[in-house]
Amino acid sequence: MKNRISPSGLAFIVLGVVLILKLFGEITTSYEKIYGNMLLFYGIVSVYVSMGNEKRGSLFLGVVSFMIGVLLYVLNNFDIMSTSRIILPAVFFVLSAAFLFLFLDDFQGKIFLYVSLVLIIAGSISLLFFNSFEWISFSASISRTVFGLWPYLFIIVGIGIITDRLR
């Protein structure tokens, strides 16, 4: 019998433990940060498990979850003046990343690449049209949060080690 990791099961277990710790006051971070980090975690595990296994739906959902987690992380940790104006470009970029990963999973599906390129162009145009990217505040806050990304590197390496041993 082949052992396999369920990304959603693993994410729900970790989310439950984190929420219990928050309930008892051991974790003082906001719920938005908890859910954003859990979407990042679920997305990483789901994409890793789904790539190369012909699980397009799970891969698509994993990439979308990861990108929404990135969006929540950016909104919580960077100084963006008007967050409502980045919603439309964010939707375009999230969907373009998902379609790009579908193409990277199966190079025969060129339609995924074309849809991804169209969505990237649409996101870039809407970004410029709505003038929603404040470069100065973004570049100032990026230096404060670069060091906060190190735990994700450890998570990716740990997941790689665990899933490699189960195969």
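- Between atom CG of residue Leu119 and atom OG of residue Ser124 there is a gap of 10.5 Å, rounded to the nearest 0.5 Å.
- The shortest heavy-atom contact between Ser46 and Ser58 is OG-O, 3.1 Å.
- Ile120 contributes atom CD1, which lies 11.5 Å from atom CG of Leu95 (distance to the nearest 0.5 angstrom).
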CA sep, side-chain torsions, deciding dist, call: Leu15, Tyr35, side-chain contact (heavy atoms from CB on, under 4.5 Å): CA-CA 8 Å; Leu15 178 63; Tyr35 291 127; 3.9 Å; yes
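- With a 4.5 Å cut-off on side-chain heavy atoms, Ile121 and Phe92 do not count as touching.
- In the hydrophobic cluster analysis, where Ile, Leu, Val, Met, Phe, Trp and Tyr join through side-chain heavy atoms closer than 4.5 angstrom, Ile34 is grouped together with Phe66.
- To the nearest 0.5 Å, atoms OG (Ser116) and CD1 (Ile111) are separated by 11.5 Å.
- Hydrophobic clustering (side-chain heavy atoms under 4.5 Å, transitive across Ile, Leu, Val, Met, Phe, Trp, Tyr) groups Ile44 together with Met38.
- Using a 4.5 Å cut-off between side-chain heavy atoms of Ile, Leu, Val, Met, Phe, Trp and Tyr, with links allowed through other members, Leu117 and Met67 fall into the same hydrophobic cluster.
- Residues Phe99 and Phe60 bring their aromatic ring centres within 6.0 Å.
- Taken together through direct or relayed side-chain contacts under 4.5 Å among Ile, Leu, Val, Met, Phe, Trp and Tyr, Val49 and Leu104 form part of one hydrophobic cluster.
- Judged by distance alone, with hydrogens and angles left aside, the side-chain atoms of Ser96 form a donor-acceptor pair with the main-chain N or O of Phe93 at under 3.5 Å.
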Listed pairs under 3.5 Å, donor-acceptor, residues 17-29 side chains, sequence neighbours left out:
{"from": "Lys22", "atom 1": "NZ", "to": "Thr29", "atom 2": "O", "distance (Å)": "2.8"}

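- Evaluation of the ring pair (Phe, Tyr, Trp, His ring centres under 6.0 Å) test over residues 104-127, restricted to residues two or more places apart or in two chains, returns Phe103-Phe107.
- Partners of Val47 according to the side chain to side chain contact (heavy atoms under 4.5 Å, CB included) rule, which considers only residues two or more places apart in sequence or in another chain, are Met51, Leu59, Val63, Phe101.
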Please step through side-chain contact (heavy atoms from CB on, under 4.5 Å) for the pair Leu40 and Asn37, ending with a clear verdict. CA-CA 5 Å; Leu40 286 169; Asn37 287 332; 3.9 Å; yes
Show the numbers, then the answer: is there a side-chain contact (heavy atoms from CB on, under 4.5 Å) between Asp105 and Glu54? CA-CA 8 Å; Asp105 189 42; Glu54 298 180 12; 5.7 Å; no
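- Between the side chain of Asn53 and the backbone N or O of Lys55, no donor-acceptor pair lies under 3.5 Å.
- Taking CG of Leu75 as the reference point, atom CD1 of Ile68 lies at 11.5 Å (rounded to 0.5 Å).
- A single hydrophobic cluster is not seen to contain both Val64 and Tyr42; linkage of ILVMFWY side chains at heavy-atom distances under 4.5 Å, directly or through other members, places them apart.
- Across every non-hydrogen atom of Leu72 and Gly36, the tightest pair is CD1-CA, 3.7 Å.
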